[in-house]
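Pasting in a structure now, in structure tokens, and then I'll have a few things to ask.
Hydrogens, waters and symmetry mates play no part in the numbers below; they use all other heavy atoms, side chains included. Note that the numbering runs from 1 along the sequence shown for the chain.
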Amino acid sequence: GGGGGGRGGAGDAFEELQVAMLTGPSSALNGPAAAAEAEAEADSCVRAAVATALEAHRVLEEHVAACDGEEGRRCLGLGEQWRSHPTRQGVDVRTTDAFCGQAGVNGAIGVGDAAASSEAVRAVLADPDKRRLTDPLWQSTEVVRSLPSRLVRIEGWRTLELGIVTERFKAPAVVVSPRDSLVVRVRLKSVDGTRVRLVQRSVDAPALAVPRGYVRLRLACGGYQIRAVAPDRCTTVYVNALDPNGYVPKPVVRTTMPDRAMTVAKAAQAAERHRKTGKWR
């Protein structure tokens with residue numbers, strides 16, 4: 001619990017879910033009929049996916065609430081385990097090596113503004129064809145299974161997307177293996193239309209093998225909230241917390257985690273350039 005990457009009852013259920021995803025008919029979860037959705041909702045494996053999505057959102061919301069404030073007064077709600085870094089390119093940066101009190105789970109938070117619409121910033125962060133603008137280590141994203149979005153119900157929010165996703169990343173240094181992840185991903189929009197969120201959290205599914213040469217990291221919480229301040233201005237809170245699941249030299253961790261927080265600045269810059277030039281670059 002508490003946003004960490006530990007295994008729980010959902011892990012066993014996800015082994016069953018993975019078998020179902022690989023062997024069952026595709027209509028079992030994605031069919032248009034309401035009966036198919038009712039069947040999915042009753043399935044214990046899918047309930048495990050929903051529980052993971054809800055926990056991921058709870059952890060994200062907790063950290064957004066601690067960080068999203070007036071400029072100059074951000075991140076004041078974080079605990080003392082978070083280290084403060086110099087503000088870079090307008091982004092407040094915090095890191096920890098004990099996310100939610102779990103040793104070995106490295107966390108980074110970045111908070112900053114963009115002179116661009118929330119939709120433009122969301123596109124930079126979420127669209128695969130723009131992902132490399134903010135994450136040079138990203139290689140690929142594959143949706144293993146889409147689930148009915150209506151299964152995740154959070155007061156004040158509309159769920160736009162729910163699914164199981166795998167991603168691959170290049171190694172950040174020669175002495176480190178490349179990583180992959182297997183996560184539940186949920187995307188939401190507030191009922192009042194001012195905020196969008198995307199959050200991911202790792203799940204266990206041994207039936208989906210780790211690609212040769214990769215190490216599967218465990219993502220405790222990965223995501224963001226983008227809050228519209230004006231038609232062409234927004235504030236982003238970005239949270240990334242993971243256990244790399246293997247040896248990573250401390251100098252690499254000390255460099256890469258603050259850099260993860262700077263995703264906020266990279267997204268803002270790409271969205272602002274697009275506003276001025278009409279081009280994504």
Side-chain angles (χ1 to χ4, degrees), residues 60 63-64 66-75 78 82-95 106-141 160 167-173 179 181 185 187-190 193-200 219 221-242 252-281:
L60 178 69
H63 289 84
V64 165
C67 297
D68 186 17
E70 296 294 328
E71 191 169 358
R73 294 183 56 81
R74 292 170 176 161
C75 302
L78 291 174
W82 288 88
R83 292 183 294 275
S84 177
H85 297 260
T87 299
R88 296 165 54 192
Q89 300 177 46
V91 177
D92 291 296
V93 177
R94 301 290 189 276
T95 62
N106 301 305
I109 290 178
V111 189
D113 297 328
S117 69
S118 59
E119 176 54 31
V121 174
R122 185 212 63 80
V124 177
L125 291 172
D127 293 356
D129 62 341
K130 303 175 183 65
R131 186 72 176 273
R132 288 189 177 86
L133 294 173
T134 60
D135 191 349
L137 299 181
W138 175 82
Q139 291 180 307
S140 65
T141 297
L160 306 178
E167 295 193 309
R168 296 185 186 183
F169 303 90
K170 293 184 289 188
R179 258 50 181 183
S181 65
R185 180 173 70 186
R187 184 166 62 90
L188 311 102
K189 188 171 188 176
S190 62
T194 63
R195 293 168 291 163
V196 293
R197 289 177 177 173
L198 182 145
V199 63
Q200 304 182 142
L219 188 66
C221 180
Y224 52 81
Q225 173 183 279
I226 307 169
R227 176 172 56 85
V229 178
D232 285 313
R233 188 170 184 83
C234 62
T235 298
T236 301
V237 179
Y238 177 88
V239 180
N240 186 260
L242 59 87
V252 175
V253 174
R254 284 195 294 265
T255 299
T256 58
M257 293 314 293
D259 282 351
R260 299 299 296 171
M262 292 305 294
T263 296
V264 174
K266 295 174 184 176
Q269 291 160 6
E272 290 165 4
R273 284 194 299 268
H274 180 262
R275 182 186 174 195
K276 294 175 182 177
T277 68
K279 297 180 180 179
W280 293 108
R281 55 184 177 83

Give me each pair satisfying ring-ring contact (aromatic ring centres under 6.0 Å, His included) with a member in residues 252-271, each pair once, sequence neighbours excluded.
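Passing the test, one end in residues 252-271: no pairs.
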Among residues two or more places apart or on two chains, list those pairs meeting salt bridge (charged side-chain N to carboxylate O under 4.0 Å, His left out) that have a residue in residues 271-281.
D232-R275
Residues that T235 engages under side chain to side chain donor-acceptor pair (under 3.5 Å), provided they are two or more places apart:
D113
Under 4.5 Å between any side-chain heavy atoms of H63 and L78, yes or no?
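Heavy-atom side-chain distance check passes, below 4.5 Å.
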Quick one: list whatever passes ring pair (Phe, Tyr, Trp, His ring centres under 6.0 Å) with H85, sequence neighbours left out.
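For H85, no residue satisfies ring pair (Phe, Tyr, Trp, His ring centres under 6.0 Å) once neighbours in sequence are set aside.
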Looking only at heavy atoms, what is the nearest atom pair of R74 and R94, with distance?
O-NH2, 3.7 Å
List the atom of L137, the atom of A171, and the distance in Å for their closest heavy-atom pair.
CD2-O, 3.9 Å
P136 and K266, any side-chain heavy atoms less than 4.5 Å apart:
yes
Among all residues two or more places apart in sequence or in another chain, which pass the side chain to side chain contact (heavy atoms under 4.5 Å, CB included) test with T141?
R131, W138, V165, E167, R185
Please report the closest heavy-atom contact between L60 and G223, naming both atoms and the distance.
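Smallest heavy-atom distance, with atoms named: CD1-C, 4.1 Å.
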Can you name the closest pair of heavy atoms from A271 and V121 and give their distance?
CB-CG2, 3.9 Å
Which residues pass the side chain to side chain donor-acceptor pair (under 3.5 Å) test with R227, not counting sequence neighbours?
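Side chain to side chain donor-acceptor pair (under 3.5 Å) list for R227, sorted by chain: D68.
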Enumerate donor-acceptor pairs with a distance under 3.5 Å from any side-chain N or O in residues 256-265 to protein atoms, sequence neighbours excluded.
residue: T256; atom: OG1; partner: V252; partner atom: O; Å: 2.9
residue: R260; atom: NH1; partner: D135; partner atom: OD1; Å: 3.3
residue: R260; atom: NH1; partner: D135; partner atom: OD2; Å: 3.2
residue: R260; atom: NH2; partner: Y238; partner atom: OH; Å: 3.3
residue: T263; atom: OG1; partner: R260; partner atom: O; Å: 2.7

C234 and S118 have their tightest heavy-atom pair at SG-CA, 3.9 Å
Mind checking side chain to side chain contact (heavy atoms under 4.5 Å, CB included) for K130 and listing every partner two or more places apart, or none if nothing turns up?
A123, D127, L133, W280
Considering residues at least two apart in sequence or located in another chain, which fulfil the side chain to side chain donor-acceptor pair (under 3.5 Å) criterion with S140?
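With sequence neighbours excluded, S140 shows a side chain to side chain donor-acceptor pair (under 3.5 Å) to no residue whatsoever.
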Run the salt bridge (Lys or Arg N to Asp or Glu O under 4.0 Å) test against R197 and tell me which residues pass, sequence neighbours left out.
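Counting only residues at least two positions away or on another chain, R197 forms a salt bridge (Lys or Arg N to Asp or Glu O under 4.0 Å) with E61.
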Sorted by chain and residue number, the side chain to side chain donor-acceptor pair (under 3.5 Å) partners of Q200 (sequence neighbours excluded) come out as none
